[in-house]
Visitor: 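Okay, handing you the structure first.
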Amino acid sequence: MKEEKTSRAQFATKIGVLAATVGSAVGLGNIWRFPYETGANGGAAFLLIYIGFVLLIGIPVIAAEFTIGKTGRATATRIFSKLGYSRRWSSIGYLGLLTALLLMGFYTVVSGWTLEYLFASVSGQLTAGDTSQMHIRFDEFTQNSWRPLMWTVVFIIINYIVISRGVEKGIEKVSNILMPLLFLILIVFCIYSLTMPGAAAGLSFFFHPDFSKITSGTVLSAMGQAFFSLSVGMGVLLTYASYFDRKTNIVRTASLTALLDTLVAVLSGIVIFPAVFTFGMEPSGGPRLVFEVLPSIFNHLPGGTYLGILFFLLLFVASLTSTISITEVMISYLTEERHLSRGRACWICGVATIALASVASLSFGPLKNFTLFGLTFFNFLDFLASNIMLPVCGLLLCIFAGWVYAGRRLRMDMLPEGVRSSVWVDVIVMLVKYVAPPAILIIFIYGLL
Ligand code: PHE
């Protein structure tokens, strides 16, 4: 009787662990950012490089982050001194905090767009036009000063209401049902997309690599996309791992998270590219791509209005579970390390996020000409957070985990309790020590110089 109870509890934990990490990983990164990055970087060759990064750098860094979190059991800024190392290593945690804020600054703008498109589908406006009208619609909406701003602020408020009331566990439970539904609906769209006249051209673009399109910038973007999509580097996974029990199989959880996350991204590519070629659109359309292509698909599908409503609702929830995970990093720092009340911490982070996101949102319209290093503020935040800060945090994490924390301890702590050796753990430790750090460094040097 007792035994049955224990094993059930553990089963529940395993699912909980995976659901929380997948909830953080699957979001706009898979459905919005992945297709447009792939489209802008030449298609299949980008996909291949991306998958290479997920396997050789993504999974090892997730595993390293999990191991440190599981062993140290503290916030990202304190964990290093708690594990007995100089406070200097805490800078990884502080960099993560800054990255969290920058990420929220542009992520919530796009989350706001999902709300606009959700309401437009409810009122039937999305299925009432062809592709060129969708193009105009997107411009009219994003160039308007107040409307996108309003949705972004609404999204941020929802995010903080959920967090300040401590109901994120509830949202996670809901998302355990809704995320498989998102997966199903993507499969339905895939099947439909594959019957379109542009399917062959779309699939060839997505799966038939043309390596002449690869530049050092492409490789940097693929690395940034891998870090962004897997939620790795900034302390989200480290914080989640502090709730793991000793029997959690780190390598398996890391691999499953990466597998599911990549599957969702690939599915959304299979939905988007056949449609792009059918409607004669540009795969390199940038952040607008998905918001033009998807309504065009709904427009042609029987029951498209309802599928559109359902889809944008699911995308909204997917992005909410991701922003909740990003926000938790900032809130746990302010409450546990700075001893602020949860409400106060929410106010501070909320106001800072609204300030950044407002400038990012306006950078599609009135602030279009305000640029930093040749990028609009939105693109600047995205580039800085995803392509630079997340990989830098990942690099420092690998150096810490593989060399300072030392390979042997890393290996021992990565093994689930009661298991004495595993080839997979050995492979991952080797990747953390010898492959990920030089690879990240070399890509930086070539990509940025
Ligand atoms: N991985 C999330 C997505 O794909 C975004 C995210 C990045 C979440 C970094 C947490 C940390 O939408």
Side-chain angles (χ1 to χ4, degrees), residues 18-38 50 53-54 58-59 61-62 65-66 69 76 92-93 95-114 155 159 163 168 171-172 175 178-179 182-183 186 221-241 254 257-269 287 290 314-333 349 353 381-394 397:
L18 194 66
T21 47
V22 173
S24 168
V26 173
L28 295 172
N30 311 62
I31 289 165
W32 161 75
R33 201 174 186 278
F34 174 78
Y36 96 66
E37 284 283 350
T38 307
Y50 173 77
F53 279 130
V54 170
I59 295 179
V61 186
I62 301 179
E65 212 178 313
F66 275 170
I92 305 180
L95 267 183
L97 273 180
L98 180 63
T99 313
L101 186 63
L102 298 178
L103 278 172
M104 285 296 280
F106 74 92
Y107 200 96
T108 51
V109 173
V110 187
S111 306
W113 296 352
T114 66
F155 182 86
N159 179 60
I163 288 189
E168 60 268 36
I171 297 287
E172 272 159 24
S175 89
L178 295 185
M179 288 308 102
L182 177 69
F183 197 71
L186 274 176
S221 301
M223 178 167 79
Q225 175 60 24
F227 274 89
F228 180 85
S229 190
L230 297 171
S231 302
V232 71
M234 52 156 281
V236 164
L237 302 178
L238 200 140
T239 312
Y240 279 4
T257 306
L259 179 78
L260 291 173
D261 188 70
T262 307
L263 206 60
V264 175
V266 171
L267 282 180
S268 88
V290 171
L314 295 175
L315 192 55
F316 159 70
V317 176
S319 72
L320 188 61
T321 52
S322 298
T323 53
I324 287 174
S325 76
I326 305 175
T327 314
E328 277 296 344
V329 172
M330 301 191 281
I331 300 292
S332 62
Y333 166 73
C349 296
T353 307
L381 281 185
D382 184 349
F383 184 83
L384 182 63
S386 318
N387 292 3
I388 312 280
M389 306 275 287
L390 287 178
V392 166
C393 293
L397 224 107

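Numbering of ligands and ligand atoms starts at 1, following listing order. Both backbone and side-chain heavy atoms feed into the values below; hydrogens, waters and symmetry mates do not. Along the sequence shown, the residues carry numbers beginning at 1.
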Visitor: Could you pull out all residues at least two apart from Ser24 that satisfy side chain to side chain contact (heavy atoms under 4.5 Å, CB included)?
Guide: Ser231, Val236, Tyr240, Ser325
Visitor: With Cys393, which residues qualify under side chain to side chain contact (heavy atoms under 4.5 Å, CB included), at least two apart?
Guide: Leu95, Thr99
Visitor: For the pair Phe106 and Trp32, name the ring-plane relationship: parallel under 30°, tilted 30 to 60°, perpendicular over 60°.
Guide: tilted
Visitor: Going by ring-ring contact (aromatic ring centres under 6.0 Å, His included), name the residues that satisfy it together with Tyr50, two or more places apart in sequence or in a different chain.
Guide: Phe34
Visitor: If you look at each N/O of ligand 1, which protein N/O atoms lie under 3.5 Å away, and at what distance?
Guide:
from	atom 1	to	atom 2	distance (Å)
ligand 1	1 (N)	Ser24	O	3.4
ligand 1	1 (N)	Ala25	O	3.0
ligand 1	1 (N)	Phe228	O	2.8
ligand 1	1 (N)	Ser229	O	3.1
ligand 1	1 (N)	Ser231	OG	3.0
ligand 1	4 (O)	Ala25	O	2.8
ligand 1	4 (O)	Gly29	N	3.2
ligand 1	4 (O)	Asn30	OD1	3.4
ligand 1	12 (O)	Leu28	N	3.1
ligand 1	12 (O)	Gly29	N	2.9
ligand 1	12 (O)	Tyr107	OH	2.4

Visitor: Treating Asn30 as the side-chain partner and Asp261 as the backbone partner, does any N or O pair qualify as donor plus acceptor under 3.5 Å?
Guide: yes
Visitor: Checking the side chain of Ser229 only, and the main-chain atoms of Gln225 only, is there a donor and an acceptor separated by less than 3.5 Å?
Guide: no
